[in-house]
Amino acid sequence: MGLLDNINELNDIKQYDSEQWEPLASEIREFLIDHVSKTGGHLASNLGCVELTMALHLVLNLPDDKIIWDVGHQSYTHKILTGRKDGFDNLRQFGGMSGFPKRAESETDVFDTGHSSTSISAAIGMAKAKELKGEKSAIVAVIGDGSFTGGLTYEALNNLGRLKSSCMIVLNDNDMSIDENVGGMSNYLNKIRVGQAYNEVKSGVEKGLLGIPGIGEPIAKFVKRGKDSIKGLLVPGMFFEDLDITYIGPIDGHDIGQLVDTFTAALKLKRPVVVHVKTIKGKGYRYAEKYPKYFHGIKPFDIETGKVLEKQTKMTNTGVFGRKMLALAEDHPEIVAITAAMASGTGLDKFANAYPKRFYDVGIAEQHAVTFAAGLASEGLIPVVAVYSSFLQRAYDQILHDVCLQKLHVIFAIDRSGIVGEDGATHQGIFDTAYLSGIPNMTIIAPKNRYELTKSLEFAVNYDGPIALKYSRGDAYYGLKEKLAPIEYGKSEMLFEGSHVALIAVGNMVEEAYEVYETLKEEGNEITLVNARFIKPLDTDMLMELATHHDIIVTLEEHVYQGGYGQAVSAFYANKGISHLKIKNIAIDDMFVEHGSVSELRSMLGIDKNGVLDAIRRMM
């Protein structure tokens, strides 16, 4: 029977003394590796913060004290220590435990997270609420160094020093976000790491002076009064201290005893404190330590070899985009590529290697990425901003104000558009049409397959103005290869022409719609199938033509109904006073979509083949 067997409820870890902490940490790592190898999940980040999480649970009194996990994909040990071990059997599976903190899942998950750089702002809000209510519980935010490239972090730090109560920020520094960290803050933290000698120097100087009879003590006091000057000399900037935030560190993030002592002391200060903790991403599993980027978010894998069990047999949409970017860059020297800490995730890693001077990783800073792209475009370059759909929404104002208002030629390559699956509500890319289509001067294309994706990127390069291409996660669709009409601005593509019922499908829903078309055709129905292609502008000529030969119009999209393509189509017909049509919009209801496989979620939402067929048959 292992130590972990006795961890079944909140605060069970406190039954163990210091000699048992390290063996327990080893058992937790074995547990994580074993379970994530079966379900998939975020492994490297969780292996890196086992001791850090244990120390917090040893020091804090949960649930009265609060921990906010920035991003939250590193909260697996926290879930284990709060009585959720059994949930790991169906981690990130449909109906199972989330891979991120969920308030609905546990009272110890105090803030739902999934995107970076939010934790300090939330912590300040909670701490201020505690002040107003006269409560004394501790507030702790755990934030990675990668999240320190996000602008919201600095907005929060600007206000953190004004708190008059305890608020501890644990800077979990593993020198990584998903890709390697970049930029000035990364360089600053590097200086702090090597500047750890400051603490040793100061301590040594004070001890040496105190040993001098007669004059040593007053000199030592003088030196101590001037410690800020010494600190500023040996640790450039002293960024946190200058913001009136006490800085402690860096300390070893895998030494539980040191962590416990430091956290205990920091919380006694009753003021804002940053504790800088140095950890190793992937610690305890050699493959994850060697390849932390690969094991950041991993599918089920073989523990002995570290290899993913399910082999990728087809090119992904991400891969198609990355390959086409390389080809276009060769002929268009004005093309530059921008990403926000996701070179490999967006398929730009090969571009970065081939054209390092034309590739910019700005870190987790989507707002900066967009306005930076606007600056490049204003000087005649063609910037391609490759980013996940759920992360681009963080830069809405920059898209509107800095790109579209000036009608600048910026290409947005929106990866993970639609349902992404196991990462759940914070990562589903089901809002991009809504937040982009209302902006003047924006053009939006949703390619139906891998071939149209490449042609759409070609079109975008030759277009003059803001343009977005949105495509789904996973395998690229190879079907309907023979159906590829030349791309004409604002025009949809007629795939199969029939009568009575017309299906208009958006992007990755063309594959689903084609299966519906085939089934209905086999049943003797004359069906029209249209590839919407352009979400904005609407192909109003096509819509008017369909209205003359059809009684039923069905739109299909993997997007929420509000602000979606289907709603725009319905509004168009309503405004034209066309009342004879029966219109059905297949879309996602007004809801956040939780985790599960794409097929399970489509079925649950009623937007898969069977759901669409049922809806059409009821109308027919």
Side-chain angles (χ1 to χ4, degrees), residues 146 149 175-183 186-187 290-297 308 312-366 368-389 391-392 408-417 445 447 449-464 467-476 478:
T149 59
D175 203 19
M176 290 282 291
S177 45
I178 293 178
D179 289 343
E180 287 78 7
N181 287 331
V182 295
S186 177
N187 293 334
K290 188 174 182 180
Y291 306 107
K293 189 190 307 184
Y294 181 75
F295 281 90
H296 173 79
V308 170
Q312 187 73 49
T313 57
K314 291 183 179 180
M315 178 74 76
T316 62
N317 284 319
T318 302
V320 171
F321 164 75
R323 182 177 292 184
K324 188 62 178 178
M325 278 291 290
L326 275 177
L328 287 169
E330 187 174 350
D331 297 328
H332 295 272
E334 68 275 24
I335 290 177
V336 294
I338 304 167
T339 192
M342 286 192 163
S344 55
T346 58
L348 287 177
D349 44 349
K350 292 182 175 59
F351 184 100
N353 292 331
Y355 302 102
K357 292 184 178 180
R358 294 160 61 185
F359 170 76
Y360 307 98
D361 183 348
V362 299
I364 301 175
E366 291 83 4
H368 167 62
V370 172
T371 302
F372 171 54
L376 291 166
S378 70
E379 289 296 313
L381 297 179
I382 303 176
V384 180
V385 181
V387 65
Y388 292 3
S389 173
F391 299 153
L392 183 60
L408 292 171
H409 187 192
V410 175
I411 300 170
F412 296 96
I414 307 177
D415 203 326
R416 271 65 165 177
S417 180
I445 303 178
N449 60 18
R450 63 163 297 178
Y451 312 106
E452 191 165 271
L453 174 53
T454 60
K455 293 299 181 183
S456 297
L457 191 53
E458 289 177 7
F459 178 88
V461 168
N462 292 296
Y463 180 71
D464 186 16
I467 186 167
L469 314 180
K470 45 174 278 177
Y471 45 92
S472 61
R473 179 187 188 185
D475 291 343
Y478 281 68

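Here the CZ atom belonging to F391 is positioned 9.5 Å from the CZ atom belonging to R416, to the nearest 0.5 angstrom. Taken from CG in N449 to OG1 in T454, the straight-line distance is 8.5 Å, to the nearest 0.5 Å. Put simply, CD1 on I411 and CZ on F459 are 10.5 Å apart, with the number rounded to the nearest 0.5 Å. The structure places OH of Y388 at 8.0 Å from OG1 of T339, a figure rounded to the nearest 0.5 Å.
In this structure, V308 and Y294 have side chains that are in contact, with non-hydrogen atoms separated by less than 4.5 Å. Side-chain contact between Y355 and L326 is present, with at least one heavy-atom pair separated by less than 4.5 Å. Counting heavy atoms from C-beta outward, R358 and I335 have side chains that approach closer than 4.5 Å. Within the 4.5 Å cutoff, the side chain of I338 has heavy atoms near those of the L376 side chain. In this structure the side chain of M315 reaches within 4.5 angstrom of the side chain of Y478, judged on heavy atoms. Here the side chains of L348 and F321 are in contact, with some heavy-atom distance below 4.5 Å.
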Item checked: CA sep, side-chain torsions, deciding dist, call: H332, N462, side-chain contact (heavy atoms from CB on, under 4.5 Å) -> CA-CA 10 Å; H332 295 272; N462 292 296; 4.3 Å; yes
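Taking all atoms of both residues into account, the shortest heavy-atom contact from K470 to S417 is CE-OG, 3.1 Å.
Between the side chains of T318 and D415, at least one donor N or O sits under 3.5 Å from an acceptor N or O.
Under a cut-off of 6.0 angstrom, the local environment of OH in Y291 is sparse, with at most 12 non-hydrogen atoms contributed by other residues, nucleotides or ligands.
D361 contributes a side-chain N or O that, together with a main-chain N or O of A341, makes up a donor-acceptor pair within less than 3.5 Å. No donor-acceptor pair under 3.5 Å is formed between the side chain of H409 and the backbone N or O of I467. Between the side chain of S344 and the backbone N or O of D349, no donor-acceptor pair lies under 3.5 Å.
Counting only residues at least two apart or in different chains, salt bridge (charged side-chain N to carboxylate O under 4.0 Å, His left out) contacts with residues 321-341 comprise K324-E458.
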